[in-house]
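Just below is one structure, and these are the notes that go with it.
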Amino acid sequence: MSLIPKSHPRAKSLYIREKLVKGFDSGLVAKEGLMAHGRGETFDYLLGEKTSKHAQKAISAAAFLLNNSKYPVISVNGNVAALCPREIVKLAKTTNSKVEVNLFYSNEKRKKNIVRILKKAGAKEVLGINPKNSKRISGLDSARRIVDKDGIYKADVVVVPLEDGDRTIALKKAGKKVITFDLNPLSRTAKTADITIVDNVDRAINKLISECKKSRLRKAPFNNKRNLAAVVLEIKKNLARRMPHA
Ligand code: ATP
């Protein structure tokens with residue numbers, strides 16, 4: 001039961017924060033993941049905590065790419081597992097994607113906890129846990145370069161919510177198309193991915209699922225850099241609107 005009153009002006013943001021804290025307490029989220037969430041919250045605040053038309057545009061482009069991919073894979077880390085495990089499984093079923101656990105701060109126990117929560121949410125198969133299946137992608141150091149040979153290694157399209165820039169760059173170098181959810185339009189991941197959904201994954205993932213369910217998606221022109229620039233302008237406008245006037 002949440003202790004946050006519904007009337008609290010930041011209620012939704014605080015519910016999301018609560019999920020992260022619970023995820024930390026149950027061994028899904030790393031300490032660093034809590035901090036990364038804080039960075040995300042700041043941008044969410046500046047974006048008005050809603051899905052912008054630019055995010056919606058990226059969602060449509062992502063749905064088209066996913067529905068037209070040959071071997072899509074969704075990469076899951078602790079934060080994503082704490083925020084939206086059921087939705088990850090739903091997105092995987094809708095788009096016929098594989099699900100792979102892939103952690104920045106590798107930790108076997110945390111990996112097992114993430115697999116458990118995904119299975120509880122309905123996942124039949126979770127990749128990334130069998131050492132016999134490990135393959136290396138180039139351009140990354142040690143543990144971070146390990147991926148599953150039946151998962152990311154083979155994928156043509158990878159969905160990497162809340163990813164670090166190095167890994168996104170390595171995935172691009174390995175020839176993958178990358179879709180990310182990242183609240184920071186200035187992050188390296190946001191700038192490197194093919195499609196960046198600048199929105200809270202907690203809010204936007206259901207919108208992506210609905211879009212993927214549409215049977216006839218049309219390919220609309222999408223330019224990620226231009227879309228990111230439009231998001232930055234949106235933030236600028238929001239800041240001007242909210243600025244205290246002396
Ligand atoms: P980069 O290496 O890409 O420049 P970074 O080092 O800032 O990025 P990380 O801390 O590895 O990034 O990853 C966290 C990223 O995820 C941040 O850009 C943060 O804004 C974003 N983020 C955090 N929580 C959420 C969320 N709930 N939804 C979407 N994005 C989020």
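Just so you know, ligand 1 is whichever comes first in the structure, and atom 1 is the first atom listed for that ligand.
Counting only heavy atoms of the protein, atom 27 (N) of ligand 1 lies nearest to Asn200 OD1, 2.8 Å. What sits closest to atom 20 (O) of ligand 1 on the protein, heavy atoms only, is Gly40 CA, 3.4 Å. Among all protein heavy atoms, the one lying closest to atom 13 (O) of ligand 1 is Glu163 O, 3.9 Å. With hydrogens left out, the protein atom closest to atom 14 (C) of ligand 1 is Ala36 CB, 3.8 Å, a heavy atom. Taking atom 18 (O) of ligand 1 as the reference point, the nearest protein heavy-atom neighbour is Asp182 OD1, 2.8 Å. Shortest contact from atom 30 (N) of ligand 1 to any protein heavy atom: Leu183 N, 3.1 Å. Of all protein heavy atoms, the one lying nearest to atom 8 (O) of ligand 1 is Ser187 CB, 3.8 Å. The protein atom (non-hydrogen) at minimum distance from atom 6 (O) of ligand 1 is Arg39 NH2, 3.8 Å.
If you chain together hydrophobic residues whose side chains sit under 4.5 Å apart, Ile88 and Val157 fall into the same group.
Geometrically, ligand 1 and Leu83 share no nitrogen or oxygen pair separated by less than 3.5 Å. For the pair Asp166 and ligand 1, the shortest N or O to N or O distance does not fall below 3.5 Å. Residue Gly165 places at least one N or O, backbone or side chain, under 3.5 Å from an N or O of ligand 1.
Remark: Arg10 CZ is packed, more than 12 non-hydrogen atoms of other residues, nucleotides or ligands lying under 6.0 Å away.
The contact set between ligand 1 and Thr189, taken as ligand atoms under 4.0 Å from a residue heavy atom, comprises 3 (O). Near Asn184, the atoms of ligand 1 lying under 4.0 angstrom from a non-hydrogen atom of the residue are 18 (O), 20 (O).
Under 4.0 angstrom from ligand 1, the non-hydrogen atoms of Asp199 all belong to its backbone.
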*Report the C-alpha separation of Lys12 and Glu49 in whole Å, then their side-chain angles, then the decisive distance to 0.1 Å, and conclude whether the salt bridge (charged side-chain N to carboxylate O under 4.0 Å, His left out) test is met.*
CA-CA 9 Å; Lys12 278 194 186 144; Glu49 291 165 347; over 6 Å; no

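By the 4.0 Å heavy-atom criterion, Asp202 is excluded from the residues contacting ligand 1. Distances shorter than 4.0 angstrom do not occur between any heavy atom of Leu186 and any atom of ligand 1.
Donor-acceptor pairing under 3.5 Å is lacking for the side chains of Asp182 and Thr189.
Between the side chain of Lys19 and the backbone N or O of Leu83 there is at least one donor-acceptor pair closer than 3.5 Å. The backbone N or O of Ala63 sits nowhere less than 3.5 Å from a side-chain atom of Glu211 that would complete a donor-acceptor pair.
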